[in-house]
Structure formats: C-alpha cells, structure tokens
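Some notes on the structure that comes next.
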Amino acid sequence: MTAYPIRALLTGALAASVAMCAASAAPAVDGPAARTAIPTLQQQTQTNLTQSMKGEAFANASYTLFAAQAQREGRPAVADLFRKTADVELGEHFTQEAALSGLVGSNEANLTDAITGEGYESTTMYPTFARQAKAAGDTAAADLFTEIAKDEAAHQAAYQAALTALRTGKGAVPAPPAVNPVTVPAGQPKVTSAQTKANLDTAMHGEALAHAKYTLYAQHAQQSGNPALARLFTAVSDVELQEHFSGEAALAGTVGTTSQNLATAIAGETYESQTMYPTFAQQAKAAGDTAAATLFQHNATDEAGHAQAFQTARKGLG
C-alpha cells in the first residue's frame, strides 16, 4: 500500500492568506500582550475554527493510538499511514486554524490560558467526573479522574511558577514533569455508565486539545528565546497525550482492531470532508472571511484524500 502523500507546507494564495492573518493576530515580539482573535473574523467563523481545531486535535491523538495498534498487529504500512495523517491533523490543519483564530499569544498570555484550563480541570471538571463515576460504580474511572485532577493541579502550579518568573525575573521555570506513557490495547469499554462514557469523551477531547495547544505554545516559547518554558510546555503536552488521553482511551474502549480503527477513521474523515468543512467554508465565504473559507475548503480536500487512503488500506487488509 502506498501511504497518502503528506503536504507539509501551504502554497500559493492560501499560504499568503494564513500568513497575513497570523501576522495580524500576534505581536511582533514576545511580551505581555493579551491573546486576541483576528479582528476581521465574524463570530460564526471563529466558532467554527474552534470546533474544527478540537476535531483535528482529537484525530491527531486517536490516530496516534491507532498507529500503535497497527504496529502491534504487524501492519507497519497502516501504522505509517495513521502516523503521517496524525501529523497532518496537528502540524498542518490545527496549526493553520490556530494561526487564523489567534490562538497563540505571548508567553505570558499562553501561560495564563494554560493556568486557567488546568485550574478548571483540577478543581471542577475532573473532581465532578470522579464523583459521578464513583456513584455509578465505575471505580477505575473514578480513580483515574482523581489521579488526573492531581496531575492537572501540579501542572497549574508549575505554569504559575513559570509565569511569576517571567513577570518578575525572579525564580526559574520549573523542571518539566516526567512522562509515563500508557499503552492502549484493543478492547471494549471498561465502564458501564452512560454518564461515565460521556465524561470520558469530554475529558479525552480536552486532553487532546491541551496537547495540541501546548505543542504550539512550546514552539512559540522556543522561538522567543525561552527554551526552559518550551521544555515545560512540551513535557506537559506529552503527559496530556501519552498518559491522560491514553488512560482515558483505555477505559473508553477507543482502540479496536486495525480494521475497526480504519472504519472509525473513514467515518470521521468523510464527515469532515463532505459535511463539516464544506459548511464552514460556505459560512466563512458568506461572512466575508475569505482566508478562513479557503482554509476550510483546503482541509475538506485533504480529509477526502485521507478517507480514500484509509479505505484503500482497509481493502488491503488480509
């Protein structure tokens, strides 16, 4: 099987449009400037960008697990296809949408955003999910949610210390946390409650988005001359994906056989290519957000190619 060709860089008018919008969204040098969305974007376009970024982040995380399963089954070509497609979802689609939406700000703004997110997860979301899982008898999920809440509290504290060091020039960016990857074998859900299943889905989407955001925040920190902060963002990003997302995926039964995983991927890529992105493109065009309309249509074409590649791979399974 020939892997789907990956486009690493934008070309032509799309590249110019994204670059222009990205330049207008962020300060020329890193500083205390707050994050702001592109001024010319209509609210519907901004909402659609946020939704599509969540989908791209989740696809990246899921395909990473699907690649590992294909490798375990002795299907290296399919594993390579999943890995390369995961790279496109994060390195191209998510990153381009983030540029248009103004996701990445100064290091100070990025830390403030991360602190807010980790604080919500550690004090509200995960404790609530843990109580609900315990009440439903899903003990393993309750234990995992409680453990992750503690992790997120530690992440919040590390980010707060980094922000203090950045603002005052005193102290240092904390050492990055250790990462303990979780292997996710194919299997059925290990929870029974519909509420726990819904909470796992919400949590996984949150962890995938955090992983993707922190990846971009790390890149900005490195480019702005703060390698210690880049290392912190990168390590926490890895924890969100390799520990939290993976642990939740194991309980949710996210990974199936490679045939099942390909079917899941085909369904997702088909929806994005035929329904979600075309709709977003039409809405952006009607709103006068030309760069976003062009990007959405570009991504729809990409996702159609991904769906076709996954279909070819599924037909080629012995």
Side-chain angles (χ1 to χ4, degrees), residues 1-15 17-18 41-67 70 78 80-101 201-202 204-205 208-209 212 252 254-317:
M1 181 196 71
T2 301
Y4 180 72
I6 303 302
R7 281 179 288 176
L9 298 174
L10 285 172
T11 58
L14 177 58
S17 296
V18 172
L41 288 182
Q42 297 298 314
Q43 183 57 52
Q44 184 62 60
T45 304
Q46 183 67 40
T47 298
N48 290 346
L49 280 168
T50 298
Q51 181 177 333
S52 58
M53 283 191 289
K54 290 179 179 178
E56 298 294 347
F58 188 78
N60 167 263
S62 298
Y63 294 169
T64 298
L65 297 186
F66 293 170
V78 180
D80 187 58
L81 174 61
F82 272 128
R83 280 192 295 266
K84 288 184 176 179
T85 308
D87 288 344
V88 170
E89 308 293 38
L90 176 58
E92 185 177 331
H93 297 171
F94 182 90
T95 299
Q96 294 160 12
E97 290 163 353
L100 281 180
S101 69
D201 184 71
T202 297
M204 289 169 64
H205 277 80
L209 182 61
T254 299
V255 176
T257 65
T258 292
S259 179
Q260 292 168 334
N261 295 337
L262 284 167
T264 297
I266 291 166
E269 300 290 340
T270 300
Y271 165 72
E272 289 188 351
S273 65
Q274 296 183 3
T275 303
M276 188 187 83
Y277 275 125
T279 299
F280 288 177
Q282 292 169 1
Q283 292 175 336
K285 183 178 180 180
D289 291 328
T290 306
T294 302
L295 177 57
F296 287 144
Q297 190 56 57
H298 164 88
N299 290 352
T301 301
D302 271 3
E303 306 300 24
H306 295 168
Q308 182 59 55
F310 287 141
Q311 288 170 347
T312 300
R314 195 161 190 252
K315 291 178 182 178
L317 294 179

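- A centroid separation of less than 6.0 Å is found between the aromatic rings of Y63 and F310.
- In this structure, D289 and F280 have side chains that are not in contact, with every pair of non-hydrogen atoms separated by 4.5 Å or more.
- Nearest heavy-atom pair, A293 versus A281, reported as atom, atom and distance to 0.1 Å: CB-O, 3.6 Å.
- Side-chain contact, N299 with E56: no donor N or O sits under 3.5 Å from an acceptor N or O.
- Between A57 and A212, the shortest heavy-atom contact is CB-CB, 3.9 Å.
- Residues A86 and N60 approach most closely at O-ND2, 2.8 Å, considering heavy atoms.
- Using a 4.5 Å heavy-atom cutoff, the side chains of L209 and H205 are not in contact.
- Atom-to-atom distance recorded for Q308:CD and I266:CD1 is 9.0 Å, nearest 0.5 angstrom.
- Rounded to the nearest 0.5 Å, atoms OG (S52) and CG (L100) are 9.5 Å apart.
- Separation of atoms OG1 (T301) and CZ (F296) is listed at 13.5 Å; rounding is to 0.5 Å.
- Atoms CG and OG1, from L295 and T290 in turn, are 12.5 Å apart once rounded to the nearest 0.5 Å.
- The closest donor-acceptor contact from the side chain of S62 to the backbone of A59 lies at 3.5 Å or more, if one exists at all.
- Shown here for A300 and S273, the closest heavy-atom pair between the two residues is O-CB, 3.3 Å.
- Of all the heavy atoms in A292 and L41, the pair that sits closest is CB-CD2, 4.5 Å.
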### Message
Could you walk me through whether L262 and F82 satisfy the side chain to side chain contact (heavy atoms under 4.5 Å, CB included) test, starting with their C-alpha distance in whole Å, then the side-chain angles of each, then the deciding distance to 0.1 Å, before giving a yes or no?
### Response
CA-CA 9 Å; L262 284 167; F82 272 128; 3.6 Å; yes
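- No donor-acceptor pair closer than 3.5 Å links the side chain of H298 to the backbone N or O of T294.
- Put simply, the side chain of T275 never gets that close to the backbone of E272: no donor and acceptor are under 3.5 Å apart.
- In summary, the side chains of Q44 and N48 do present a donor paired with an acceptor at a separation below 3.5 Å, with no hydrogens or angles considered.
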### Task
Show the numbers, then the answer: is there a side chain to side chain contact (heavy atoms under 4.5 Å, CB included) between T50 and K54?
CA-CA 6 Å; T50 298; K54 290 179 179 178; 4.0 Å; yes
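- Atom CG of L90 sits about 12.0 Å away from atom CE of M53, to the nearest 0.5 Å.
- Of the possible donor and acceptor atoms, none in the side chain of T45 sits under 3.5 Å from a partner among the backbone N and O of Q283.
- With a 4.5 Å cut-off on side-chain heavy atoms, V78 and N261 do not count as touching.
- The side-chain heavy atoms of E89 and E303, taken from C-beta on, include a pair separated by under 4.5 Å.
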